[in-house]
K.L.:
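My questions will all concern the structure given below.
Order of appearance sets the numbers: ligands from 1, and atoms from 1 within every ligand. Numbers here simply count residues along the sequence, with the first being 1.
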Amino acid sequence: MSDTGKIATAELGTGGPQVGVQGLGCMGISEFYGDTDEAAARDTLEAALEVGVTLFDTADIYGSGANETFLAPFVGAHRDEITLATKFAIERSDTDPNFRGVRNDPAYIRQAVEASLRRLGTDVIDLYYMHRRDPLVPFADSVGAMAELVKEGKVKQLGLSEVTGAELREAHAVHPIAALQSEWSLFSRDVEISAVPAAVELGVTLVPYSPLGRGFLTGAFADAGKELSEGDFRKHQPRFTGENAKTNAALLEPVHTIAAAHGATAAQIALAWVQQRAQVHGLTVVPIPGTRKRSRLLENTGATRLTLTEQELRSLEPIAGQVAGDRYPDMSSTSAARE
Ligand SMILES: NC(=O)c1ccc[n+]([C@@H]2O[C@H](COP(=O)([O-])OP(=O)(O)OC[C@H]3O[C@@H](n4cnc5c(N)ncnc54)[C@H](OP(=O)(O)O)[C@@H]3O)[C@@H](O)[C@H]2O)c1
């Protein structure tokens with residue numbers, strides 16, 4: 001934190017804007033993680049801005065557009081103070097709630113950006129991501145279509161999510177990519193195989209999503225199957241239920257020990273780890289932990305003041321390799337499937 005009480009800033013993509021070194025993931029406000037108190041969520045957005053969080057992350061799929069719509073008044077009130085990121089590519093079905101399709105074709109992208117702009121109540125998206133890659137559509141076509149949106153002034157910067165290092169290089173050759181958004185946490189480190197080195201080489205900022213392991217790393221729940229409400233997405237993630245959850249909860253012991261030594265919380269240790277792991281790689285990162293509560297927002301941004309010792313980092317090193325269960329029930333659309 002600076003003297004102003006604001007968190008430090010980081011560059012979003014080479015030559016891009018300065019944003020708070022921690023952003024805010026807004027997904028959980030509208031879907032996936034149980035019921036939301038909307039007034040508390042709006043207050044959390046304001047709290048974020050007050051402490052220097054400026055990158056706000058949404059996607060057209062979150063709540064099937066509801067998350068973008070929810071953000072619109074906040075965007076309208078603070079348009080010049082925030083960096084607004086949204087995403088396209090995941091299609092849903094009106095009849096099957098579990099259906100997920102991936103669309104990367106230029107016609108779809110054109111239609112998606114117009115819908116997002118309309119819901120967000122703005123005439124420009126600061127950072128527009130391809131949420132998932134459809135390997136059957138050449139990057140020259142899909143990234144080319146995204147680049148057209150930059151030319152037309154509908155979008156300022158481009159991002160990709162869940163792509164491999166090779167894919168990041170290929171896309172970057174079509175148009176500069178400012179940010180790569182992929183899962184990265186003490187529990188999920190496959191991004192370090194090829195995407196992180198490519199991002200360092202290309203000057204792409206990494207935006208780690210689910211840096212709190214969807215809440216599991218904080219100790220907020222130990223078995224999603226038993227503790228979380230019906231409809232919570234985490235109930236269906238292999239690593240958060242049954243025997244896997246038991247194995248994985250035990251892996252958090254060093255996190256709690258380190259937290260106690262710093263007078264910090266497990267969430268803060270998890271977030272400090274992402275920042276320091278990025279430094280090891282020489283990479284700029286802007287993690288986007290998600291929360292709907294002011295108190296947690298302040299707790300999470302407080303992590304930017306923490307420094308873990310070499311010994312602490314070493315004790316956290318083996319965790320990811322021992323995690324039981326995949327990140328998703330179906331890993332086919334993730335970068336891990338194409339590594
Ligand atoms: N590109 C992609 O494919 C992708 C995938 C998933 C997510 N995302 C983005 O990344 C953002 C963050 O990821 P995420 O929300 O999945 O996971 P996360 O940030 O790892 O964890 C969020 C969960 O942790 C809880 N939480 C937050 N701070 C806490 C604290 N200090 N103590 C205890 N619990 C805490 C939140 O609950 P409360 O809200 O109740 O505080 C929520 O249930 C999303 O909002 C979304 O914008 C992107």
K.L.:
Could you tell me whether ligand 1 has any atom less than 4.0 Å away from a heavy atom of R132?
P.N.:
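Yes, R132 has a heavy atom closer than 4.0 Å to ligand 1.
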K.L.:
Which of these, Y62, F32, F56, has its nearest heavy atom closest to atom 8 (N) of ligand 1?
P.N.:
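Residue with the shortest heavy-atom distance to the ligand atom: Y62.
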K.L.:
In terms of the angle between their ring planes, are Y62 and F32 parallel, tilted or perpendicular, with boundaries placed at 30° and 60°?
P.N.:
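Rings of Y62 and F32: perpendicular, over 60°.
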K.L.:
Measure the acute angle between the ring planes of F88 and Y128, then classify it against the limits of 30° and 60° as parallel, tilted or perpendicular.
P.N.:
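F88 and Y128: tilted rings.
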K.L.:
With backbone taken as N, CA, C and O and side chain as the heavy atoms from C-beta onward, which portion of E162 lies under 4.0 Å from ligand 1: side chain, backbone, both, or neither?
P.N.:
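No part of E162 is near ligand 1 at this cut-off.
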K.L.:
Once the angle between the rings of F216 and F221 is folded into 0 to 90°, is it parallel (under 30°), tilted (30 to 60°) or perpendicular (over 60°)?
P.N.:
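F216 vs F221 ring planes: perpendicular.
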K.L.:
Using the rule side-chain contact (heavy atoms from CB on, under 4.5 Å), only one of L217, L316, T218 pairs with V255; which is it?
P.N.:
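Of the listed options, the one satisfying the test is L316.
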K.L.:
What I want to know is whether M27 and ligand 1 share at least one N or O pair that is separated by under 3.5 angstrom.
P.N.:
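Yes, at least one N or O pair falls under 3.5 Å.
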K.L.:
If we only count N/O pairs under 3.5 Å, is L212 in contact with ligand 1?
P.N.:
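Between L212 and ligand 1 (N or O atoms, distance only) the closest approach is under 3.5 Å.
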K.L.:
Pairs of nitrogen or oxygen atoms closer than 3.5 Å, one from A220 and one from ligand 1: do any exist?
P.N.:
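Looking only at distances, the answer is no, because the N/O contact criterion of under 3.5 Å is not met.
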K.L.:
Between T265 and E299, is a side chain to side chain donor-acceptor pair (under 3.5 Å) present by the stated rule, with each step listed?
P.N.:
CA-CA 8 Å; T265 64; E299 177 186 330; 2.7 Å; yes
K.L.:
Measure the distance from atom 13 (O) of ligand 1 to every protein heavy atom, then report the residue, atom name and distance (to 0.1 Å) of the closest one.
P.N.:
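Checking every protein heavy atom, the shortest distance to atom 13 (O) of ligand 1 gives S210 N, 3.0 Å.
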K.L.:
So which bit of Y328 gets within less than 4.0 Å of ligand 1, heavy atoms only: side chain, backbone, both or neither?
P.N.:
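For Y328, the contact with ligand 1 is made by the side chain alone.
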K.L.:
For atom 28 (N) of ligand 1, which candidate among L271, N300, T44 holds the nearest heavy atom?
P.N.:
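It is N300 that holds the nearest heavy atom.
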K.L.:
Closer than 4.0 angstrom: is that true for some heavy atom of R234 and an atom of ligand 1?
P.N.:
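It does, in that a heavy atom of R234 comes within the 4.0 Å cut-off of ligand 1.
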